[in-house]
Protein chains: 2
Amino acid sequence: MCGVGLREIKKQQTRTAIADAALPLFLEYGFDRVTVAEVARHAGVSTNTVFNYFPVKEDLFFDRGADAEEHLAAVVRDRAPGACPVEAVCEDLLSGLRENHPMLGLQPGATAFWQVILDSPALLAREREIGERAEAALTAALTGHPPHTADAPGHCAPPPPALLAGAVAGMHRAALRELRQRIMAGEAPEEARDAVISAVVQGFDLICRGLHPTAEPR
Amino acid sequence: MCGVGLREIKKQQTRTAIADAALPLFLEYGFDRVTVAEVARHAGVSTNTVFNYFPVKEDLFFDRGADAEEHLAAVVRDRAPGACPVEAVCEDLLSGLRENHPMLGLQPGATAFWQVILDSPALLAREREIGERAEAALTAALTGHPPHTADAPGHCAPPPPALLAGAVAGMHRAALRELRQRIMAGEAPEEARDAVISAVVQGFDLICRGLHPTAEPR
DNA sequence: TAGTGTCACCACAAATTTGGAGTGACACCA
DNA sequence: TGGTGTCACTCCAAATTTGTGGTGACACTA
């Protein structure tokens, strides 16, 4: 129960062993051409054990999907007190882009990763599902930590959390998709990144200005 | 049941992981100052699992004890048809010495290994037990594959297997003990080895000449 | 001499992993 | 249209490993 027992450690080791065995196989052969049994064999584990840890095959690929689902919500919940949630998401995305965060796929090899997704309908569907859940989590986070809208001139009522979340998450997804498309089209990563950065600044600024009419455009 | 299943592989891995973790600890701290729990911790395994594989603590040190117990018997059983069993044992020992076989302790670091044994009454007792069982196995092997004693002039009836085994195994043990003592006394390994080699040649020749009066002394 | 601590080792329940025998969906093929 | 095969996934029994609480031997100490 304390999470530090030998049993917990072994479970974590088994899980990462499976995930670490799975990714190279997917990258090399494609998601649909790799069977769960092969993953199990490479991980030195039985097929049943794979299913113990990853209820569906897609989870083997989106191992950190659960984290991604919670990421936006966490950013909003953990933002500085009084800060605008939209700006928090924006800043998080920008810093991720500037620091070449692995999750965003600016590392070499990300292209292969993306190609696996594009080649597999199952993974594409799963990705959408993850995005949807991330949005739902963001909605919940916004409900609990709504934006602070000062009573300033030009102020209008903020949208309900679900809509705001829809806009924010939608813009977030679009930014990452744009980045992906540019890089896979052969554009230089830095160039693509900079283009997306300015696009993100502009896009989120749009929402922010609607929320805080007095804020200066950046 | 076939011994190639995943389960068997894992068991073997666990066993060697434990043994491999145990030896360095014993070499560094001495047998009696290392607890089974510490071995388990270094092997990343629970204490109970250690006892699953090594019924008594001494087995952790003499991991290959079972092999050693069978070695002499195997040499006798597998000798060339018609060959003298004593000579087979002698040749095996000599070739082991000449090739610096690890079991004989001619490798650097063997001194530390021996010192651990000498420092631990439990290990000394265990070593004797192993020697005794090896002798019993040799007796059995000799019973099934007795020496071929030609009806030559000067021929006398061969001793019962148990006695022959006692002599052979006893000489074998003495040779290794001699080697050990010389090296631990600081003698150069090559020097000690050569001395023991000639001693072995002489010693086994003695028995062989009793068995085969017509054989030429070497 | 009784108390205390350490350690080898045991016993048993709970958790994890494996093996094996399925089922259902789907593709391929005659 | 009806096999046939593959593969994701399920269910269950058995094997393995771990957690926990012992016991008894032995050394040390007050």
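Each chain gets a letter, A, B and so on, in the order its sequence line appears, and its residues count up from 1.
Taking atom CZ on Arg7(A) and atom P on dG19(D), their separation rounds to 6 Å, with Å as the unit. A straight line from CD of Gln12(A) to C1' of dT16(C) spans 14 Å, rounded to a whole angstrom. Rounded to an integer number of Å, the gap from CG of Asp32(A) to C1' of dC26(C) is 13 Å. As a whole-Å value, the separation of Ile9(B) CD1 from dT17(C) C1' is 14 Å. For the pair Gln13(A) CD and dT18(D) C1', the interatomic distance rounds to 14 Å; values are reported in whole Å. Between Arg15(A) atom CZ and dT17(C) atom P there is a gap of 12 Å when expressed in whole angstrom units. Separating the CG atom of Leu123(B) from the C1' atom of dA8(C) is a distance of 14 Å, rounded to the nearest angstrom. Taking atom CZ of residue Arg33(A) and atom P of nucleotide dA27(C), one finds them 16 Å apart after rounding to whole Å.
Heavy-atom nearest nucleotides on DNA chain D were determined for Val34(A) and for Leu6(A), and the one closer to the 5' end corresponds to Val34(A).
Looking at Arg77(A) and Glu70(A), a side-chain N of the basic residue comes within less than 4.0 Å of a carboxylate O on the acidic one, giving a salt bridge. Contact check on Arg182(B) versus Glu187(B) returns a salt bridge, with a Lys/Arg side-chain nitrogen under 4.0 Å from an Asp/Glu carboxylate oxygen. Of the charged side-chain nitrogens involved, none lies within less than 4.0 Å of a carboxylate oxygen, so that Asp92(A) and Arg79(A) do not count as a salt-bridged pair.
Within 6.0 Å of the NE2 atom in His145(A), the count of heavy atoms belonging to other residues, nucleotides or ligands exceeds 12. Heavy atoms from other residues, nucleotides or ligands lying under 6.0 Å from CD of Glu132(A) number 12 at most.
Looking at heavy atoms from C-beta onward, Asp59(B) lies out of side-chain contact with Tyr53(B) at the 4.5 angstrom threshold.
The shortest distance between the side-chain N/O atoms of Lys11(A) and the OP1/OP2 oxygens of dT16(C) is below 4.0 Å. Using a 4.0 Å cut-off, some side-chain N or O of Thr14(B) falls inside it from OP1 or OP2 of dT17(D). Contact annotation: Lys10(A) side-chain N/O to dT18(D) OP1/OP2 distance is under 4.0 Å.
Residues of residues 52-60 of chain A that place a heavy atom closer than 4.0 Å to DNA chain D, in numerical order, are Val56(A), Lys57(A). For the segment residues 35-51 of chain A, the set of residues with a heavy atom within less than 4.0 Å of an atom of DNA chain D comprises Thr35(A), Val36(A), Asn48(A), Phe51(A), in numerical order.
The aromatic rings of Phe61(A) and Phe26(A) sit tilted, their planes meeting at an angle between 30° and 60°.
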Residues Arg41(A), Glu38(A); criterion salt bridge (Lys or Arg N to Asp or Glu O under 4.0 Å); working and verdict: CA-CA 5 Å; Arg41(A) 191 157 357 101; Glu38(A) 280 168 348; 5.0 Å; no
Worked check of salt bridge (Lys or Arg N to Asp or Glu O under 4.0 Å) between Glu190(B) and Arg193(B): CA-CA 5 Å; Glu190(B) 296 79 10; Arg193(B) 186 194 60 178; over 6 Å; no
Criterion salt bridge (Lys or Arg N to Asp or Glu O under 4.0 Å) on Arg128(A) and Glu58(A), from CA distance to verdict: CA-CA 12 Å; Arg128(A) 287 179 213 113; Glu58(A) 287 78 9; over 6 Å; no
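Closest approach of Val200(A) and Cys90(A) over heavy atoms only: CG1-SG, 4.0 Å. The shortest non-hydrogen separation linking Phe204(B) to Val168(B) is CE2-CG1, 4.0 Å.
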Pairwise N/O distances under 3.5 Å, protein to nucleotides 26-29 of chain D:
none

